[in-house]
Amino acid sequence: MQETCPTNCESNAKQTQKRNIEINADLDADLLNSKYTFKENEFRLNQLVLSWDGWVAMPDENMDMDIKFGAKKTEFKNILSLVPAVYAKEFDGLKTAGKLALDGYAKGKMTDTELPAFGLELLVENAMFQYPDLPSSVDNININVNVSNPGGSEDNTVIDISKFHIELANNPIDIHLVLKTPISDPQIDCGIDGEIDLEKLKDVVPLEEGEEMSGMIKSDIVINGRMSTIEEERYEEFKALGNLSIENLSYKSADLPQGVLIQKAMMVFSPAFVDLTAFDCKLGNSDFHANGKIENFIPFALTDSATLIGTYMLTSGLLDLNEFMEEEVEDEDEVAEETVAEEDTVPFTVIEVPAGIDFTLSSSFTKILYDNM
């Protein structure tokens with residue numbers, strides 16, 4: 001028995017977040033054999049439009065499939081619409097260039113113990129974008145992502161980001177990642193090399209009213225090796241080297257009018273730990289200084305069973321809590337409104353620390369200001 005089941009679904013929910021989803025599906029349904037064949041189908045998320053082809057069958061508790069999908073529109077602007085921070089601000093007037101290729105497939109049986117073969121490839125070439133009222137652009141965007149699995153185990157999955165290059169107002173950033181055998185013994189080869197002058201960001205990305213930022217962030221990190229060498233403490237066989245530094249990072253906003261200034265922060269990476277060698281920060285009148293180490297960060301990032309261990313020393317010459325206290329409300333109507341709001345507020349609860357974190361923090365504060373104490 002053959003039936004044609006057209007389905008049209010459009011949802012513009014949560015317009016405040018500017019998400020737009022539309023699904024047009026035309027299926028042939030073989031109900032006797034529980035087989036459903038895609039005919040003319042289209043899935044749209046914001047401006048990214050994908051087409052689907054193939055079939056899905058569920059003759060028993062398992063599922064069999066042969067599906068292909070790909071991007072119907074090949075302009076870079078289509079995939080850029082998936083970035084919330086970009087899509088939410090003046091997206092229609094955004095100037096873009098560059099090409100997009102996106103396709104994938106899934107073929108074979110899916111059971112409780114095995115996966116079908118699947119793959120996904122994303123290619124972005126020579127792309128750029130620029131906001132209409134800003135002087136600089138984000139240039140030379142080149143991305144190549146490949147995810148593949150020949151079928152069977154999740155452990156056969158290979159994630160390969162061979163290229164991720166972007167230039168923010170002439171600030172270059174390069175990232176690469178290859179991850180193999182992610183379940184049994186994750187083998188990772190990744191790196192990030194780049195610098196960002198935050199003062200130049202305002203020339204490429206619109207800031208909220210009252211936002212100000214400046215400072216320099218630099219990163220040069222390389223990680224290469226197998227998880228088993230870390231677990232067996234054969235650190236000489238695992239490469240994890242590099243630095244992440246922040247200098248004179250200043251930020252203000254309407255919600256943080258007193259501003260924060262990170263004068264210096266330096267993190268040094270090694271296979272065994274991440275060493276925070278310096279952290280000097282001012283938050284309004286308050287100052288903070290910290291140093292310490294995080295151990296076991298690679299197993300924690302790649303597995304669900306590892307515990308992240310940290311030991312830090314925090315000191316401060318002055319902690320001015322008055323800067324963060326709300327001013328007293330004198331107007332009776334405002335007091336009444338606040339009282340109602342407090343009654344509707346969810347009761348305070350204990351803040352739960354996520355599992356797998358074991359931090360020791362030693363603190364020393366020379367002077368603390370709280371109200372008139």
Side-chain angles (χ1 to χ4, degrees), residues 54 56 61-70 101-124 142-165 173-194 219-244 267-275 293-310 354-358:
V56 175
E61 66 274 10
N62 299 319
M63 183 182 297
D64 197 7
M65 67 190 70
D66 186 356
I67 301 172
K68 295 180 181 179
F69 65 89
L102 173 64
D103 58 69
Y105 74 93
K107 184 175 183 179
K109 291 186 177 182
M110 182 167 66
T111 69
D112 293 337
T113 58
E114 63 178 334
L115 296 174
F118 64 86
L120 181 146
E121 186 167 5
L122 168 66
L123 183 65
V124 175
N142 289 277
I143 302 171
N144 194 338
V145 179
N146 187 285
V147 180
S148 63
N149 187 315
S153 170
E154 298 176 11
D155 207 34
N156 296 329
T157 303
V158 177
I159 301 173
D160 184 0
I161 305 176
S162 59
K163 180 182 291 186
F164 188 103
H165 177 84
I173 300 173
D174 286 282
I175 300 172
H176 74 271
L177 168 68
V178 177
L179 178 62
K180 300 178 180 179
T181 57
I183 308 302
S184 61
D185 186 11
Q187 179 180 354
I188 186 170
D189 176 7
C190 71
I192 176 169
D193 182 12
S219 176
D220 181 11
I221 302 170
V222 175
I223 298 175
N224 191 328
R226 283 190 174 275
M227 176 67 68
S228 55
T229 61
I230 296 292
E231 295 172 340
E232 297 166 8
E233 299 185 357
R234 292 183 282 120
Y235 299 123
E236 70 281 359
E237 298 179 23
F238 195 100
K239 184 178 181 180
L241 303 171
N243 302 281
L244 173 64
M267 300 179 74
V268 180
F269 288 76
S270 71
F273 54 80
V274 177
D275 192 358
K293 293 181 179 180
I294 295 179
E295 302 177 66
N296 223 27
F297 75 99
I298 295 175
F300 180 79
L302 297 180
T303 70
D304 297 327
S305 57
T307 298
L308 189 67
I309 302 171
I357 295 179
D358 182 4

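For the numbers below, each heavy atom of this structure counts, side chains included, while hydrogens, waters and symmetry mates do not.
In this structure, the side chain of Asp66 does not engage the main chain of Gly54 through any donor-acceptor pair within 3.5 Å. Remark: the backbone N or O of Asn149 is not paired with any side-chain donor or acceptor of Asn156 at under 3.5 angstrom.
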Dump the intermediate steps for side chain to side chain contact (heavy atoms under 4.5 Å, CB included) on Ile183 and Glu154, then the final yes or no.
CA-CA 7 Å; Ile183 308 302; Glu154 298 176 11; 3.8 Å; yes
Run the side chain to side chain contact (heavy atoms under 4.5 Å, CB included) check on Asn144 and Leu123 step by step: do they pass?
CA-CA 5 Å; Asn144 194 338; Leu123 183 65; 3.9 Å; yes
Might you work through the side chain to side chain contact (heavy atoms under 4.5 Å, CB included) test for Tyr235 and Ile230, ending with a clear yes or no?
CA-CA 6 Å; Tyr235 299 123; Ile230 296 292; 4.0 Å; yes
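Here the shortest heavy-atom pairing between Ile298 and Pro271 reads CD1-O, 4.1 Å. Of all non-hydrogen atoms in Phe238 and Arg226, the two that sit nearest each other are CD1-O, 3.3 Å. Shortest non-hydrogen contact noted between Ala306 and Asn296 is CB-ND2, 3.8 Å. Closest non-hydrogen pair, Pro150 versus Ala117, comes out as O-CB, 3.4 Å. Between Val147 and Thr157 the shortest heavy-atom distance is CG1-CG2, 4.2 Å. The two residues Phe269 and Leu244 have their closest heavy-atom pair at CE1-CB, 4.2 Å.
Test Thr229, Thr181, Val178 against Gln187 for side-chain contact (heavy atoms from CB on, under 4.5 Å) and you get one pass: Thr181.
Residues that satisfy the salt bridge (Lys or Arg N to Asp or Glu O under 4.0 Å) test with Glu232, not counting sequence neighbours, are Arg234. Taking Ser184 as the reference, Asp155 meet the side-chain hydrogen bond (donor to acceptor under 3.5 Å, both in side chains) condition, with sequence neighbours excluded. Residues passing the ring pair (Phe, Tyr, Trp, His ring centres under 6.0 Å) test with Phe164: none are found, sequence neighbours excluded. Residues satisfying the side chain to side chain contact (heavy atoms under 4.5 Å, CB included) criterion with Glu231, sequence neighbours excluded, are Met227. Residues passing the side-chain hydrogen bond (donor to acceptor under 3.5 Å, both in side chains) test with Glu295, sequence neighbours excluded: none. With sequence neighbours excluded, the residues satisfying side chain to side chain contact (heavy atoms under 4.5 Å, CB included) with Ile192 are Ile175, Ser219, Ile221.
Ser228 contributes atom OG, which lies 8.0 Å from atom CD of Glu237 (distance to the nearest 0.5 angstrom). Going from atom NZ of Lys107 over to atom CD1 of Ile67 covers 12.5 Å, rounded to the nearest 0.5 Å. Taken to the nearest 0.5 Å, the CG atom of Leu241 stands 8.0 Å off from the OG atom of Ser270. Distance CG/Asp193 to CG/Asp220: 5.0 Å, rounded to 0.5 Å. If you take CG on Leu120 and CG on Leu102, they are separated by 5.5 Å, rounding to the nearest 0.5 Å. Note that NE2 of His176 is 4.0 Å distant from CG of Asp189, once rounded to the nearest 0.5 Å.
Using a 4.5 Å heavy-atom cutoff, the side chains of Ser162 and Asp160 are in contact.
The environment of Glu114 atom CD is dense: over 12 non-hydrogen atoms of other residues, nucleotides or ligands sit within 6.0 angstrom.
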